[in-house]
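So you know, we letter chains A, B, ... as the sequences are listed, proteins then strands, and number each from 1.
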Amino acid sequence: MRPTLTRLSKSLLPSLREAPKDAQLPSHALSIRAGLIRQVGAGLYELLPMGRKVLRHIETIVREELDAEGAQEILMPGVLPAEYLRESGRWESFGDVLCRFKDRKGADLALSPTHEEIVTDIARRELRSYRQLPVMLYQVQTKFRDEPRPRGGLLRGREFIMKDAYSFDVDEAAALQSYERMRKAYTRIFTRLGLDFRVVDADSGAMGGSRSAEFQILARSGEDKLVTCSACAYAANAEVATSGTAEASAAASATAATAATGPGSIPAMTRVATPGVTDMQSAIAALGEGHTLDNALKTLVVEHQGKPVALVLRGDHELNLVKLSTVLGAPVALASRERVQALVGANPGSIGPVNFPGRVIVDPQAAALAHTSCGANETDAHLVHVVYGRDYEGEITDIRMVEAGDPCPRCGASLSEHRGIEGGHIFVLGTHYSKKMSAHFTDENGEELPFVMGCYGIGMTRLIAAIIEQHHDAAGIRWPASVAPFDVVLVPISKRAESEEVVTALSESLREQGLSVLIDDRNERPGVKFKDAELFGIPLRVTLGDRGLEAGQAEVTERRSGETTAVALGDAAAHLKRMHLGLMQGLE
RNA sequence: CGGGGUGUAGCACAGCCUGGUAGUGCGCAAGCUUUGGGAGCUUGAAGUCGGGGGUUCGAAUCCCUCCACCCCGACCA
């Protein structure tokens, strides 16, 4: 296929000098200003020609890498009959995220938020023997999730385009191999896209996944918090990250408890009146000298199976709800203040683990406090000289949010925090769906076994935004050469008679070199063309003006560095090809 | 779901408090001049002032209501 040649004067590439005020993130503002997208509704966008081209280039890279791993592309419907989702239980469990509706016959349908059920149905109908496995199927398709809060343009839409892949294997070991193949393919994909990313340990969710990793694109505007180790390869989503402190302090807590029960140590637990105290800060103040956030207990309450559960943390630490949900085996949220009052019978500011009327879960670092204070489970009262093991007990489990500076759980070096955009997520699902949906194959012993599945997603439209987040400057986008909508933009600004011929000849030579070309043939002043070329972010710009043409030269400007060089017209195409090859270094 | 905010021309906004013929800049169309970093002058087109209801002689403006969109939060007792 010949590379494209587009004349700007005949194209729908609407650039805007100002961004709509709604667009706050650089990627959002630039994708509108550069004419990639327009908003249709909350979380709904059109891709205009420039945006579509970039998506096409991302798709090509994704397809090349997946096909290279033997994955096969399919296309599943965007509308799902409810029966499939009822089989897996997700018709209910998706909640409001699932957009449900009825057809003319009154049958329940949903806009597909993902496709595990349908692809599992393909497997159970079409795959029968272990001889057919492994199988990896994927599609590039529109998803709809009625997100509570879409934001940032393409970063979190309600409708978005996703590449989703699904693997079917004979057993867990084979599934892990498929998972590892995808991990490598994803690494190549994200590298080719020019992204600075980290592969991090991630929550595999309540859906029975045994292993998962996220491909996180580093960006200030990222919605996810990550921690990475400065010394070793440890990297994790903060939702699941642990720190070396957890193990160390579990040991310390045992020691502290022993020491405290010995003679002549900490005084007996004492009740103190704390009128009007409703939070940690005021409790510390009321207790007076020697009491600080980091030597007091903070006790939060969740309601689980109708009963209160106390969560005990060090006062200055933060609860990790994802870890807690894993411990409890179900998603939970903190009980409201009113609910706490009803369940425990005390103001939420005066809750504590001592004689708590329910299950008590203690973070190791809270248990490690040798001598501490807490609420008395009685409004306006607290306890001091509280010791774990002597005055209260509980299940010691890590439920704390890791912080920057904590020791790495693998090597002990300091952890640092980043923010990331989740660009991809890979899971080993196991037999969760295949069991529920009776998707079986026959193994070599003639036995019927459920497929061991994996699933692998990439947020295709989100990647457009993520790439811009990482590749822009004050003037506009700076596309990595691998995904740029065009390779070269030709900017004729000469009125000379030969200009049109030069433009035509040069653009033909560029196409022969395999480069796609955008010609800015608008009747605009040079400044306007330069500004737009920079806004569009096309990697290479060729300026054809009187200055150069008189000397038989073109001026070549690299978008990323801003460097300009003069090149003889006859050599220009070859020169640009070489520059383009240089820009593609590391992106193939 | 909770809180905050915004809806006036394609985009950015003023006008609203204190009711009286709907404005500015950019963009768009035409003309002349201009032409290496978002040109100048002239002329012109373009708005159900988010929708509905109410008050009033009269509503973009005041009141009620609905809708849409944006931001923050949804975890500290």
Side-chain angles (χ1 to χ4, degrees), chain A residues 14-25 28-29 32-33 35 38-44 95-96 147-153 158 225 238-239 274 277-284 293 296-302 308 310-325 332-341 343-344 346-353 356 363 366 374-377 379-380 382 399-401 475-476 491-496 499 522-535 541 543-550 555 557 562 564:
Chain A
S15 65
L16 255 37
R17 187 184 296 209
E18 292 173 285
K21 65 172 186 297
D22 292 350
Q24 313 233 327
L25 296 179
H28 189 187
I32 292 171
R33 287 189 54 211
R38 290 291 185 263
Q39 180 167 25
V40 174
L44 304 173
D96 291 337
E147 298 278 351
R149 191 175 152 212
R151 65 181 283 262
R158 292 195 296 169
K225 194 165 101 176
E239 289 179 344
T274 51
V277 164
T278 56
D279 60 24
M280 244 358 249
Q281 285 293 349
S282 58
I284 294 303
L293 274 181
L297 297 182
K298 170 161 74 179
T299 307
L300 311 176
V301 177
V302 295
L311 313 167
V312 184
L313 290 154
R314 208 172 82 184
D316 59 329
H317 287 168
E318 194 175 325
L319 173 68
N320 184 324
L321 269 175
V322 173
K323 284 184 185 176
L324 177 66
S325 298
V332 286
L334 287 190
S336 68
R337 301 188 73 94
E338 296 71 29
R339 199 70 196 129
V340 172
Q341 185 81 41
L343 287 164
V344 186
N347 179 290
S350 300
I351 301 296
F356 182 82
D363 185 76
C374 65
N377 294 326
T379 300
D380 295 342
H382 278 70
I399 51 170
R400 170 190 168 238
M401 185 70 83
V491 183
I493 52 171
S494 171
K495 273 245 156 63
R496 293 172 145 240
S499 180
R522 295 176 299 177
N523 183 22
E524 287 289 351
R525 298 168 62 84
V528 174
K529 296 188 180 190
F530 294 149
K531 290 287 185 195
D532 271 348
E534 280 152 11
L535 176 61
R541 183 182 97 202
T543 310
L544 298 166
D546 286 329
R547 280 199 310 235
L549 290 179
E550 271 171 30
E555 291 164 61
T557 306
T564 298

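- Taking the side-chain contact (heavy atoms from CB on, under 4.5 Å) definition, one finds that A:Asp316 meets it with A:Leu293, A:Asp294, A:Arg314, sequence neighbours left out.
- With P as the reference atom, B:C28 and B:C75 are 48 Å apart, rounded to whole Å.
- Here the P atom of nucleotide B:A68 and the CZ atom of A:Arg158 are 10 Å apart, to the nearest Å.
- B:U24 atom P lies 17 Å from atom CD of A:Glu18, rounded to whole Å.
- One C1' atom belongs to B:U65, the other to B:G23, and the distance between them is 29 Å to the nearest Å.
- With sequence neighbours left out, the salt bridge (Lys or Arg N to Asp or Glu O under 4.0 Å) criterion links A:Arg33 to no other residue.
- With both pairing distances under 3.5 Å, B:U24 is matched to B:A12 as a Watson-Crick or G-U wobble pair.
- Rounded to whole Å, the C1' atom of B:G53 lies 29 Å from the corresponding atom of B:C13.
- Atom CZ of A:Phe530 is separated from atom C1' of B:U35 by 11 Å (rounded to the nearest Å).
- Listed candidates were B:G37, B:C70, B:U34. Nearest to the side chain of A:Asp22 is B:C70.
- The CE atom of A:Met280 sits 8 Å away from the P atom of B:A77 (whole-angstrom rounding).
- The distance from atom CZ of A:Arg33 to atom P of B:G10 is 20 Å, rounded to the nearest whole Å.
- In this view, A:Asp532 and A:Ser15, A:Arg522, A:Val528, A:Leu535, A:Phe536 satisfy the side-chain contact (heavy atoms from CB on, under 4.5 Å) rule, not counting sequence neighbours.
- Base-pair partner of B:A29: B:U43 (Watson-Crick or G-U wobble, both distances under 3.5 Å).
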Please list, for nucleotides 46-52 of chain B, all pairs of protein and nucleotide N/O atoms separated by less than 3.5 Å.
none

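- Distances were taken from every side-chain heavy atom of A:Gln39 (C-beta onward) to each of B:C28, B:C69, B:G37; the shortest belongs to B:C69.
- Comparing atom distances between the A:Val340 side chain and each of B:A74, B:A77, B:C75 picks out B:A77 as nearest.
- With distances taken from any side-chain atom of A:Glu555 to the nucleotides B:G38, B:G36, B:C75, the minimum falls on B:G36.
- Checking B:U48 for Watson-Crick or G-U wobble geometry (two distances, each under 3.5 Å) identifies no partner in any strand.
- Applying the side-chain contact (heavy atoms from CB on, under 4.5 Å) test to A:Glu18 and every residue at least two apart in sequence or in another chain returns nothing.
- Protein atom CD1 of A:Ile493 is 12 Å distant from nucleotide atom P of B:G38, rounded to whole Å.
- Salt-bridge check for A:Arg541 with A:Glu534: passed, with a basic side-chain N closer than 4.0 Å to an acidic carboxylate O.
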Stepwise side-chain contact (heavy atoms from CB on, under 4.5 Å) check, A:Phe530 with A:Thr543: CA-CA 9 Å; A:Phe530 294 149; A:Thr543 310; 3.8 Å; yes
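- Of the P atoms belonging to B:G58 and B:G25, the separation is 34 Å, rounded to the nearest Å.
- Listed nucleotides B:A77, B:U34, B:C11 differ in distance to A:Arg525; the shortest reach to its side chain belongs to B:U34.
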Base-contact (B) and sugar-phosphate-only (S) positions in nucleotides 2-8 of chain B, heavy-atom cut-off under 4.0 Å, - elsewhere: ----S--
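- Distance alone, capped at 3.5 Å, is enough to place a donor-acceptor pair between the A:Ser350 side chain and the A:Asp380 backbone.
- Listed by chain and number, the residues in a salt bridge (Lys or Arg N to Asp or Glu O under 4.0 Å) with A:Glu147 are A:Arg156 (sequence neighbours excluded).
- For B:U61 and B:U55, the C1' atoms lie 13 Å apart once the distance is rounded to whole Å.
- Nearest to the side chain of A:Leu334, among B:U34, B:C69, B:C75, sits B:C75.
- Remark: B:C75 base-pairs with no nucleotide in the shown strands. Criterion, Watson-Crick or G-U wobble with two distances under 3.5 Å.
- Taking A:Arg525 as the reference, nothing meets the side-chain contact (heavy atoms from CB on, under 4.5 Å) condition, with sequence neighbours excluded.
- Residue A:Arg17 places its side chain closer to B:G38 than to any other of B:G38, B:C71, B:A77.
- Base pairing annotation: B:U35 forms no Watson-Crick or G-U wobble pair, as no partner gives both donor-acceptor distances under 3.5 Å.
- If you measure from atom CD of A:Gln24 to atom P of B:C69, you get 16 Å, rounded to the nearest angstrom.
- B:G31 and B:C17: their P atoms are spaced 44 Å apart (whole Å).
- Proximity note for A:Thr543 (side chain, C-beta onward) versus B:A77, B:G36, B:C75: the nearest is B:G36.
- Candidate nucleotides B:A74, B:G38, B:C75 were compared by shortest atom distance to the side chain of A:Leu321, and B:C75 ranks first.
- Nucleotides B:U48 and B:A9 are separated by 13 Å at their C1' atoms, to the nearest Å.
- Counting non-hydrogen atoms under 4.0 angstrom, A:Arg496 reaches nothing in the nucleic acid.
- Pair check for B:A68 finds B:U6; Watson-Crick or G-U wobble, both atom distances under 3.5 Å.
- With sequence neighbours excluded, the residues satisfying salt bridge (Lys or Arg N to Asp or Glu O under 4.0 Å) with A:Lys323 are A:Asp398.
- Contact check on A:Glu550 versus A:Arg496 returns a salt bridge, with a Lys/Arg side-chain nitrogen under 4.0 Å from an Asp/Glu carboxylate oxygen.
- What separates CG of A:Asn523 from C1' of B:G27 is a distance of 16 Å, to the nearest Å.
- B:U56 and B:A39 have their C1' atoms separated by 49 Å, with the value rounded to a whole Å.
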